[in-house]
Amino acid sequence: MSEKPLLTEIKQVMDSALARTRSYFESEFSITTDEFPPEEGEANSLTLLDMTAVIGLGGTINLFIAFSFEENLIRTLYEKMTEGMKIAPDEVTMLKEATAGEIINTVIGHCTVDLQTLDQQGVSITPPTVLGRVKTLQRFEEAMFYTRSLITPFGRMDVDLIGPRDLFDTTLERQPP
């Protein structure tokens, strides 16, 4: 399977994303999480869950990070974030997408504190983008995926790092479906 370990910087990005997500879910939503153990191997595509938000990280670590949510989890988070608000039925999808974007933006914003040692210039982040009906990302020739999953009582969330092969060296970790 893998010939060399993940580069230290990639592991640091993933560890920070997982720790900050777990902390945010617990403190803001009282949602506990457990981590699936990683499974290693190469994949030609990345299967996304029901709703996915993506942010680009710039600087020394130049990659995309995606948070992909199962429907029940994103619905639960949306309901907790909009509790007490009157929401028109035609606004629900838009606000669920805003929920996914807000969650990844908050978590990755907190991660920049952990990652500032990776780049003396600082780590830039793009605004979040929610991938509508996209369910699969094909791997470009020189790209790699690194996926870890968190499970909650309300469903699963995958954290995916997507970047150039040389950044990941030769390792690719995938989670069971």
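These numbers come from a predicted model, not from an experiment. If you read the sequence from its start, that first residue is 1, and numbering goes on from there.
- Partners of T76 by side chain to side chain contact (heavy atoms under 4.5 Å, CB included), not counting sequence neighbours, listed by chain and number: I31, N72, K80, F154.
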Can you give each donor-acceptor pair under 3.5 Å made by side-chain atoms of residues 18-25, sequence neighbours left out, with the distance rounded to 0.1 Å?
from : atom 1 : to   : atom 2 : distance (Å)
R20  : NE     : D114 : OD2    : 3.0
R20  : NH2    : D114 : OD1    : 2.8
T21  : OG1    : A17  : O      : 2.6
R22  : NE     : T33  : OG1    : 2.8
R22  : NH2    : T33  : O      : 2.6

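- No side-chain heavy atom of T152 sits under 4.5 Å from any side-chain heavy atom of M157.
- Atom-to-atom distance recorded for I108:CD1 and H110:NE2 is 11.0 Å, nearest 0.5 angstrom.
- Under the side-chain contact (heavy atoms from CB on, under 4.5 Å) rule, M14 has a single partner from V159, T147, D160, I65, which is V159.
- Using a 4.5 Å cut-off on side-chain heavy atoms (C-beta onward), R148 and F36 make no contact.
- The side-chain heavy atoms of P153 and T32, taken from C-beta on, include a pair separated by under 4.5 Å.
- Taking T82 as the reference, Y78, M85, I87 meet the side chain to side chain contact (heavy atoms under 4.5 Å, CB included) condition, with sequence neighbours excluded.
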**Full working for side-chain contact (heavy atoms from CB on, under 4.5 Å) between Y146 and I10** = CA-CA 9 Å; Y146 176 41; I10 294 300; 3.7 Å; yes

*Steps toward side-chain contact (heavy atoms from CB on, under 4.5 Å) verdict (M51, V130)*: CA-CA 7 Å; M51 184 171 290; V130 176; 4.1 Å; yes

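- Contact check for V13 versus C111: no side-chain heavy atoms found under the 4.5 Å cut-off.
- For the atom pair F29 CZ and M81 CE, the distance stands at 4.5 Å (nearest 0.5 Å).
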TODO: In sequence, state the C-alpha distance, the side-chain angles, and the governing distance for F64 and L57, and then conclude on side-chain contact (heavy atoms from CB on, under 4.5 Å).
DONE: CA-CA 6 Å; F64 290 101; L57 295 175; over 6 Å; no

Mind running side-chain contact (heavy atoms from CB on, under 4.5 Å) on I162 and L63 for me, showing each step along the way?
-> CA-CA 6 Å; I162 306 158; L63 53 82; over 6 Å; no

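- Counting only distance, with no hydrogens or angles, the side chain of S68 and the backbone of L49 share a donor-acceptor pair below 3.5 Å.
- Atom CG in D50 sits 10.0 Å away from atom CZ in R156 (nearest 0.5 Å).
- Listed by chain and number, the residues in a side chain to side chain contact (heavy atoms under 4.5 Å, CB included) with T126 are I55 (sequence neighbours excluded).
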Would you tabulate the side-chain donor-acceptor contacts of residues 90-107 under 3.5 Å, counting partners in other chains and residues two or more places apart, or write 'none'?
from : atom 1 : to   : atom 2 : distance (Å)
E91  : OE1    : A88  : N      : 3.2
K96  : NZ     : E71  : OE2    : 2.5
T99  : OG1    : L95  : O      : 2.8
E102 : OE2    : T106 : OG1    : 3.2
T106 : OG1    : E102 : O      : 2.9

